[in-house]
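Some notes on the structure that comes next.
Please read these numbers as outputs of a predicted model, since none were measured by experiment. Order of listing sets the numbers, starting from 1, for every ligand and every atom in it.
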Amino acid sequence: MPGCYRYSLDLLLKEIAECWELGINAIALFPVISDSKKDDTGTESYNPEGLVQQTVKAIKQNISEIVVITDVALDPFTTHGHDGLVDETGKILNDPTVEVLVKMAVSQAAAGADMVAPSDMMDGRIGAIRKALDAAGYIDTAILAYSAKYASAYYGPFRDALDSAPKFGDKKTYQMDAANAREALKEVALDIAEGADIVMVKPALAYLDIICQVREATNLPVAAYNVSGEYAMVKAAAQLGWIDEKRIILESLTSIKRAGADMILTYFAKEVALMLK
Ligand SMILES: NCc1[nH]cc(CCC(=O)O)c1CC(=O)O
């Protein structure tokens, strides 16, 4: 992903200060931890002194107003690379996973995250996380729910960048079937009933119809994730001189907005902020 980097904390703080200067007021963190800290159940994910928790604290100390969004999913922390716990046959264990996700979300809120964003797609996790956050006193911590997240080839460059591809199988038992539109509405309705503050559709560009339908189904803010593969395709074609990169970026993001997204999570954020200045 040209232009995207893994940052150490010192350089990340510099990067975030630049983003803030450009008018970007929210950032989402995705960690890469060493293999030695990974295990089958992702225990490092709720270490109060873990990489994400320390990073959130440092960012909020530096720029207290910037909205810090943390990812809630086990894939960066498990040896097998799945978003959930797996049994010996490779089956994902939904409810035991939710127990770990809850601890992870509470530890992120304790570190100062403004918004926790479950990207794992387990069933029932939004309700469980909301209940645990409230019980721990984090009533103002919001939940950005990855509600309609499809099992997509567009995540390829992200998994390469983070070295996070699953070691066996695929994510099709918890992420959604690209051919299914109505299930997105069902997932969105469940997440809203469980207490989501924002619902997200992911990926964005091949799923504009889903963004549009979700927009019509709720008055909550709708977010869309312009994912790594969408970014990589534009960068690759631009490097070959085949497209007008700036115009393609603006047109793509405009189409996501037109479809009904109130917020767009995108790797183009800094470039676009510069263009629009
Ligand atoms: N919890 C995993 C996660 N969080 C964000 C992305 C993908 C983001 C992107 O492609 O930009 C993924 C990948 C996956 O589901 O394997």
**Asp95 side, atom CG; Arg125 side, atom CZ - distance, nearest 0.5 Å** = 13.0 Å

**Fill in**
Taking every heavy atom of Ser119 against every heavy atom of Lys149, the minimum-distance pair comes out as O-NZ, 2.9 Å

**Prompt:** Got more than 12 heavy atoms from elsewhere within 6.0 Å of OH, Tyr154?
**Reply:** no

**Prompt:** For the atom pair CD (Gln53) and OG1 (Thr70), what is the distance rounded to the nearest 0.5 Å?
**Reply:** 8.5 Å

**Request:** Indicate yes or no: at least one non-hydrogen side-chain atom of Ile129 is less than 4.5 angstrom from one of Val98.
**Result:** no

**Fill in**
Taken to the nearest 0.5 Å, the spacing of Leu74 CG from Leu101 CG works out to 5.0 Å

**Item:** Close residues, ligand 1: non-hydrogen atom nearer than 4.0 Å
**Value:** Phe30, Ala73, Asp75, Asp83, Ser119, Lys149, Tyr154, Tyr155, Phe158, Arg159, Lys171, Gln175, Lys202, Tyr225, Val227, Ser228, Tyr267

